Amino acid sequence: MIDFSLSEEQKAMQKTAREFAQKEIAPVALKYDKEPAFPGEIIKKAHAAGLMNLTCPIEYEGLGLGLVNASLITEELTVACIAIAGMIGINSLACGPILAGGSDEQKRRFLIPLNRSGKTASFGLTEREAGSDAGGLKTRVRLEGDHYVLNGAKCFITNASYASFFTIFASNDPAKGTKGICAFVVPRESPGLSIGKVEDKMGQRALNVAEVILENVVVPRENRLGNEGEGFKFAMEALDEGRVNIATCGVGIARAAFEAALAYAKTRVQFGKPIGTFQALNFLLADMAAAVESARLITWYAGSLADHGKKFIREAAQAKFYATDVAMRVTTDAVQIFGGYGYTKDYMVEKLMRDAKLTQIYEGTNQINRMVAGGALMR
Ligand code: CAA
């Protein structure tokens with residue numbers, strides 16, 4: 001029998017996250033949207049409350065949660081503000097390549113101080129000319145004696161301005177394509193590493209996204225993850241988990257929009273009746289509820305495969321594009337239900353619609369995720 005009910009422990013985790021999100025994030029979400037800033041104090045509190053580094057194993061001082069349990073927490077944080085939730089959760093993606101390819105010594109050296117301190121890190125794959133075609137990256141690495149030298153530029157790097165280290169991908173031989181890509185942990189204070197343009201975005205305004213410039217950056221050999229040429233695989237493995245996380249963000253943002261629209265449709269009266277009782281809007285609300293719940297289930301399904309050690313590449317990709325398309329549709333419909341008010345910055349649904357758009361773009365555009373899922377169907 002399939003049972004979707006949560007255990008007492010899961011309910012407690014969800015409650016902690018919900019209370020934290022409603023107390024610490026929701027009241028300031030619109031302020032951070034209007035005046036983007038680093039939500040450092042909130043991150044510090046999230047760390048103290050045990051709401052950070054969710055999937056990092058306990059032996060490296062993370063919380064050691066599976067993807068489904070992490071999803072319970074992330075959904076609650078995202079309902080309050082996806083951008084602040086993204087800053088709290090960025091370490092999962094940044095540390096994914098270390099967990100995928102690092103030695104035990106590297107995991108201890110990089111993950112324990114990060115998890116203990118509550119600091120944040122960043123994942124550095126994307127470049128101006130290598131977005132969807134991540135394997136076409138131009139950042140170069142060469143071995144010189146006992147160290148590597150990195151040159152290139154990364155763009156759209158989440159949390160770049162505040163990262164204590166970066167997991168960076170670079171090629172030592174472009175002729176080898178993805179098989180020439182190597183992965184490194186690059187400390188922020190490395191000479192030659194600088195932060196370039198900080199993006200001024202349509203939505204998710206509190207999510208810091210910036211360029212990382214690497215000019216003759218020296219990285220010790222012992223910071224290379226796995227073998228030369230294995231980096232692309234580690235990036236993809238990190239993204240597989242990341243896509244379940246972004247699917248969860250889609251669920252959270254869609255739920256926030258649905259809950260706001262439902263409450264409004266119950267209280268807004270036109271023609272002498274609450275607008276939610278008119279069939280046109282009533283059916284819209286029914287579709288929105290079904291979309292949120294199906295997005296959550298497809299996301300938990302991908303997460304539970306991962307938690308049981310099963311292959312989940314296709315399911316992660318399908319959850320990502322499905323749940324984030326739901327987020328876009330449900331937030332757009334929520335604005336429609338609010339009418340003219342929904343189009344103003346006085347109401348949260350306007351922010352939710354702008355925020356949702358990015359979920360269809362990052363961690364693989366939804367076109368790339370359909371390609372991953374569709375490709376798997378044909379193999
Ligand atoms: N999981 C594990 N391994 C994978 C994989 C996956 N999902 N996808 C590919 N691989 C492996 C393949 O098995 C292959 O290895 P072998 O040769 O040993 O079999 C190797 O990687 C190369 O695979 P492909 O030939 O399929 O590679 P490709 O060049 O055709 O690219 C792609 C495949 C799926 C399009 C990939 O480039 C991709 O995912 N692109 C999108 C990039 C992306 O998601 N960027 C997000 C950036 S981070 C971000 O947005 C985060 C943020 O800021 C919040």
Side-chain angles (χ1 to χ4, degrees), residues 74 78 82-97 99-101 120-137 139 154-163 166-169 171 174 176-183 198-199 201 203-204 206-212 226-227 229-250 253 302 305-306 310-321 324 355 357-376 378-379:
T74 301
T78 306
I82 188 173
I84 295 175
M87 293 295 280
I88 293 171
I90 187 61
N91 286 352
S92 306
L93 181 63
C95 298
L99 288 167
T120 53
S122 288
F123 176 83
L125 176 68
T126 302
E127 300 179 1
R128 291 272 166 218
E129 304 300 326
S132 290
D133 181 11
L137 56 79
T139 296
K154 300 289 173 181
C155 72
F156 299 139
I157 303 307
T158 299
N159 187 46
S161 307
Y162 307 102
F166 298 83
T167 41
I168 294 283
F169 301 87
S171 171
K176 288 190 187 156
T178 57
K179 296 278 184 282
I181 294 176
C182 315
V198 178
E199 301 298 341
K201 307 186 305 310
Q204 301 208 18
L207 191 79
N208 171 262
V209 173
E211 269 181 325
V212 178
N227 296 315
E230 286 187 324
F232 190 75
K233 209 172 77 195
F234 303 151
M236 292 296 115
E237 286 170 9
L239 284 169
D240 290 333
E241 286 203 11
R243 286 166 184 168
V244 179
N245 183 50
I246 298 301
T248 299
C249 294
I253 206 164
L305 289 176
K310 302 217 164 96
K311 264 187 86 172
F312 70 110
I313 296 175
R314 181 181 75 81
E315 292 79 1
Q318 111 188 331
K320 197 277 182 185
F321 73 70
T324 61
D355 286 352
K357 188 63 214 169
L358 186 53
T359 66
Q360 293 181 303
I361 296 171
Y362 60 19
E363 301 217 13
T365 63
N366 283 3
Q367 288 69 33
I368 285 292
N369 278 285
R370 283 187 167 84
M371 199 177 93
V372 170
M378 297 306 285
R379 274 195 286 281

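Owing to the predicted nature of the structure, the values given are computational and were not obtained by experimental measurement. Just follow the structure's listing: the first ligand is 1, and inside any ligand the first atom is 1.
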Show, in sequence, the C-alpha distance, side-chain angles and deciding distance for Phe312 and Val244, and conclude whether the side-chain contact (heavy atoms from CB on, under 4.5 Å) test is met. CA-CA 10 Å; Phe312 70 110; Val244 179; 4.1 Å; yes
For ligand 1, indicate whether the residue [X] contacts it via side chain, backbone, both or neither (heavy-atom separation under 4.0 Å).
X      : result
Ile157 : neither
Ala317 : neither
Ile246 : neither
Val372 : side chain

Nearest protein heavy atom to [atom], by residue and atom, and its distance?
atom                    : result
atom 33 (C) of ligand 1 : Phe232 CZ, 4.4 Å
atom 50 (O) of ligand 1 : Glu363 N, 2.8 Å
atom 1 (N) of ligand 1  : Asp240 OD2, 2.7 Å
atom 10 (N) of ligand 1 : Met236 CG, 3.9 Å
atom 17 (O) of ligand 1 : Lys179 NZ, 2.5 Å
atom 44 (O) of ligand 1 : Arg243 NH2, 2.8 Å
atom 54 (C) of ligand 1 : Thr158 OG1, 3.3 Å
atom 29 (O) of ligand 1 : Thr178 CG2, 3.7 Å

In Å, rounded to the nearest 0.5 Å, how long is the span from [atom1] of [X] to [atom2] of [Y]?
X      : Y      : atom1 : atom2 : value
Glu230 : Glu237 : CD    : CD    : 9.5 Å
Thr359 : Ile253 : OG1   : CD1   : 6.0 Å
Leu207 : Ile90  : CG    : CD1   : 7.0 Å
Glu315 : Asp240 : CD    : CG    : 10.5 Å
Met87  : Asn208 : CE    : CG    : 5.0 Å

For [X], counting its heavy atoms only, list the atoms of ligand 1 lying under 4.0 Å from any of them.
X      : result
Phe123 : 48 (S)
Met371 : 35 (C)
Gly364 : 43 (C), 44 (O), 45 (N), 46 (C)
Leu93  : 51 (C)
Tyr362 : 50 (O), 54 (C)
Ile313 : 1 (N), 2 (C), 6 (C), 7 (N)

Decide side-chain contact (heavy atoms from CB on, under 4.5 Å) for Leu239 and Phe123; before the verdict, give the C-alpha distance in whole Å, the side-chain angles of both, and the deciding distance to 0.1 Å. CA-CA 10 Å; Leu239 284 169; Phe123 176 83; 4.2 Å; yes
Should Glu127 and Thr139 be marked as a side-chain contact (heavy atoms from CB on, under 4.5 Å) after you check the CA-CA gap, both sets of side-chain angles, and the distance that decides it? CA-CA 8 Å; Glu127 300 179 1; Thr139 296; 2.6 Å; yes
With Phe156, which residues qualify under ring pair (Phe, Tyr, Trp, His ring centres under 6.0 Å), at least two apart?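 If we apply the ring pair (Phe, Tyr, Trp, His ring centres under 6.0 Å) test to Phe156, skipping adjacent residues, there are no hits.
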Return a yes/no value for [X]: is any of its N or O atoms, backbone included, closer than 3.5 angstrom to an N or O of ligand 1?
X      : result
Thr126 : no
Gly131 : no
Ser132 : yes

Flag: protein heavy atom within less than 4.0 Å of [atom]:
atom                    : answer
atom 25 (O) of ligand 1 : no
atom 38 (C) of ligand 1 : yes
atom 19 (O) of ligand 1 : no
atom 12 (C) of ligand 1 : no

Check whether any side-chain N or O of Gln204 sits under 3.5 Å from a backbone N or O of Asp355 as a donor-acceptor pair, and report yes or no.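 Such a contact is found between Gln204 side chain and Asp355 backbone.
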Please confirm whether the backbone N or O of Thr158 pairs with a side-chain atom of Ser122, one donor and one acceptor, at under 3.5 Å?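 Between the backbone of Thr158 and the side chain of Ser122 there is a qualifying donor-acceptor contact (under 3.5 Å).
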Please test Asn245 against Leu93 for side-chain contact (heavy atoms from CB on, under 4.5 Å), starting from the C-alpha separation and ending with a verdict. CA-CA 9 Å; Asn245 183 50; Leu93 181 63; over 6 Å; no
Closest heavy-atom contact between Gly364 and Lys320?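 Taking Gly364 first and Lys320 second, the nearest heavy atoms are O-NZ, 2.9 Å.
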Salt bridge (Lys or Arg N to Asp or Glu O under 4.0 Å) partners of residues 365-374, not counting sequence neighbours, each pair once: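 Only Asp325-Arg370 qualify under salt bridge (Lys or Arg N to Asp or Glu O under 4.0 Å).
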Determine whether Phe166 and Lys154 make a side-chain contact, defined as any pair of heavy atoms from C-beta on separated by less than 4.5 Å.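 The answer is no; the side chains never approach within 4.5 Å.
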